[in-house]
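Numbers here are sequence positions counted from 1.
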Amino acid sequence: MRTYNPKRPPIPACGLIEDDPEEFEEEDILSDSPTFPLEVFPEAISNIVEAFEEYENFNVAFTAASFLTVFAAAMGNTWSVRFMTGWIDRPIIYMVLVGSPSCGKTPPLQQAVAPLLKIDSEYDRIYCKEMEAYRKWERMSAKQREKNSLPEEMAVPVRKCHVVVDSTVEALIGALRDNPRGVLTYKDEIDSLLSNFNRYNGSDEGYFLSLFSGTPFKYSRKSNNEHIFLSKPYCSIIGTTQPGRLSEQFGGKRTLNGFSSRFLKVYPEINEMPAWNDTDMPDNVLAQWETIIRKVVGSTLTTDQEGNVISHELPFSSEAKLRVNRWKIEVSNAEYSATDSDAVRALCGKLETYLIRFCLVIQIMRGICDGVSMEIIDIESAERAILLTEYFRTMEERISPELETGMLDSRYTEPLGNLGDSFATREILREAQKLGISRASIFRFLKEGGRGFITKDAHGRYCKIDISK
């Protein structure tokens, strides 16, 4: 994992960096996959992640990212963090696990979400009994209700849940109304969520842009002419996708409008299918994760007389606040100033938001698992949150060439058009730089055989293919 040195120039997440053109190797520019910093978790959680790796051959990054998101979703609106007078935030996380088919993305995600789904199944049994009683009451006359000592009025039962799997925005808004703690939108394939955007109207994507900030908004359900106001909506998202889908799902206008930068992306280097293990994982490993999640969910959610959520608010200690302010100056501001890319600058802003949210999640993790104070963000949580934030920054550097692939497909004729029939790597790099195409994307384009438009003659030299023949 890259460590930041304020004495050296920051590394932009995309764009070109000048090198001696005679010294580089094509493969050197492709970003390596950083290692997930398990040390940000309490030992109890990191031990569970490592047990899944040892016994189930789960990828650590997939498991850890899933645990982080599920833990935050279990917190929901119960806790919030105040960084400045006007900056109060909650632990909303949008997460995507990226990998090729059959690389092992889904099993870690399923195990992470399993405790919340188990709790939801318990809620469903209670809901079914309540609905049965309600329908029985509904069929009775006033005299029958009086005879059976039943009330004159009875509220329609509400379905409690922590996890939403329905792809429609209308279903999600209904779940948010009925569950003030908040929900987790869980999609094995994130495309099932994104493909529904704008299918029925032009505002679906906008709702998810707003939900990330947790700001109040109104929603009108056309199905029954119902108007819903959410004062503190909490919705985290987690799902999986494949590298080849990233450009379609998160590139283009979704890079420019900040949609892409709202999603943390985990894309580990996996070159083979996960192996099977003959040794069974101890039963208590799953039980330990469930115990942790139940302890979080069991924390009391406070509401006022009107049913509005009152989150337990954690301020920053002076030491922790100084530390994150120093990170902003030395890292985030430096990265922002070093690039002209709107996408990189959007990422800088969203990572600042995530840093504050990570501080809260890690503090509550340590409180639940290790018994530390859950009344204030301390310096230890701030240091761990910075480490986690820099992991996702480095991961975005690995992701950015994939996001640009679609752009490169539609613009490759421009850098190629200004070159001769035979050209060197450094020549196409110069042309790409003029067009704002990153060096990493050009190398990926060359490595993949130029998508049928060029062929490699020798090391560092390429020849155009005459497609008219």
Side-chain angles (χ1 to χ4, degrees), residues 31 33-36 48-49 52-53 56-74 92-117 120 162-169 171-172 183-197 204-205 208 211-212 235-251 254-255 259-275 289 293 350 354 388 391-392 394-403 405-406:
S31 299
S33 177
T35 301
F36 192 99
I48 297 171
V49 174
F52 276 116
E53 180 191 28
E56 302 293 327
N57 289 306
F58 286 0
N59 180 273
V60 167
F62 286 152
T63 309
S66 299
F67 275 30
L68 173 70
T69 309
V70 170
F71 189 96
I92 298 169
I93 294 178
Y94 288 8
M95 183 75 70
V96 179
L97 311 183
V98 184
S100 300
S102 302
C103 74
K105 304 184 295 293
T106 299
L109 178 53
Q110 289 175 332
Q111 292 296 346
V113 179
L116 289 182
L117 291 175
D120 282 359
H162 292 285
V163 181
V164 173
V165 295
D166 194 310
S167 297
T168 65
V169 170
L172 172 61
V183 299
L184 172 67
T185 296
Y186 164 47
K187 296 293 176 184
D188 183 20
E189 291 288 343
I190 199 73
D191 190 62
S192 64
L193 174 68
L194 303 184
S195 62
N196 272 336
F197 284 178
D204 287 3
E205 186 172 312
F208 283 91
L211 280 173
F212 178 81
C235 176
S236 282
I237 302 172
I238 192 166
T240 72
T241 193
Q242 299 172 15
R245 303 300 306 279
L246 284 170
S247 178
E248 174 190 346
Q249 295 167 344
F250 297 102
R254 286 179 177 169
T255 299
F259 184 84
S260 176
S261 60
R262 283 165 166 77
F263 279 82
L264 300 171
K265 305 171 190 75
V266 176
Y267 182 21
E269 187 71 42
I270 300 176
N271 298 314
E272 57 186 21
M273 294 176 66
W289 176 235
I293 292 301
K350 293 303 178 289
Y354 271 120
L388 185 58
Y391 164 80
F392 284 110
T394 309
M395 184 58 74
E396 195 71 20
E397 294 170 10
R398 172 171 163 77
I399 288 285
S400 61
E402 300 288 353
L403 293 179
T405 297

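Using a 3.5 Å distance cut-off with no hydrogens or angles, the side chains of Thr241 and Gln249 do pair a donor with an acceptor.
Here the closest heavy-atom approach between residue Val266 and residue Ala65 is recorded as CG2-CB, 3.6 Å. Nearest approach of Lys187 to Ser192, heavy atoms of both residues: CD-OG, 3.3 Å. In this structure, Glu272 and Ile270 approach most closely via the heavy-atom pair O-CG2, 3.3 Å. The heavy-atom pair separating Thr63 from Phe52 by the smallest distance is CG2-CD1, 4.2 Å. The two residues Glu205 and Arg254 come nearest to each other via the heavy atoms OE1-NE, 3.0 Å. Considering all non-hydrogen atoms of both residues, Pro274 and Ser102 come closest at CD-O, 3.5 Å.
Cation-pi geometry between Lys265 and Phe250 is satisfied (NZ or CZ under 6.0 Å from the ring centre, within 45° of the ring normal).
Note that the NZ atom of Lys105 and the OG atom of Ser66 stand 11.5 Å from one another [nearest 0.5 Å].
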Check step by step if side chain to side chain contact (heavy atoms under 4.5 Å, CB included) holds for Ile48 and Phe67. CA-CA 10 Å; Ile48 297 171; Phe67 275 30; 3.6 Å; yes
For Phe208 and Tyr94, run side chain to side chain contact (heavy atoms under 4.5 Å, CB included): C-alpha distance rounded to whole Å, both residues' side-chain angles, the deciding distance at 0.1 Å, then the answer. CA-CA 10 Å; Phe208 283 91; Tyr94 288 8; 4.2 Å; yes
Take Val113 and Leu109 through the side chain to side chain contact (heavy atoms under 4.5 Å, CB included) test and state the conclusion after the steps. CA-CA 6 Å; Val113 179; Leu109 178 53; 3.9 Å; yes
Test Cys235 against Leu172 for side chain to side chain contact (heavy atoms under 4.5 Å, CB included), laying out the working first. CA-CA 9 Å; Cys235 176; Leu172 172 61; 4.0 Å; yes
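With contacts defined as side-chain heavy-atom distances shorter than 4.5 Å, the pair Leu97/Tyr267 does not qualify. Annotation: side chain of Val163 is not in contact with side chain of Val183 (no heavy-atom distance under 4.5 Å). A 4.5 Å side-chain heavy-atom check between Met273 and Cys103 finds every atom pair outside the cut-off. Ile92 has its side chain out of reach of Leu211: every pair of non-hydrogen atoms, C-beta onward, lies at least 4.5 Å apart. The side-chain heavy atoms of Tyr186 and His162, taken from C-beta on, include no pair separated by under 4.5 Å. Side chains of Leu116 and Ile293 form a contact here, defined as non-hydrogen atoms less than 4.5 Å apart. Side-chain contact between Leu184 and Val164 is absent, with no heavy atoms from C-beta onward closer than 4.5 Å.
Using a distance-only test at 3.5 Å, with no hydrogens or angles considered, a donor-acceptor pair links the side chain of Ser236 to the main chain of Ile93. Remark: side-chain polar atoms of Trp289 are paired, donor with acceptor, to backbone N or O of Ala112 under 3.5 angstrom. When atom types are taken as modelled, the side chain of Arg262 and the backbone of Lys350 share no donor-acceptor pair closer than 3.5 angstrom.
In this view, Glu189 and Thr240 satisfy the side-chain contact (heavy atoms from CB on, under 4.5 Å) rule, not counting sequence neighbours.
The distance between the ring centers of Tyr354 and Phe212 falls below 6.0 angstrom.
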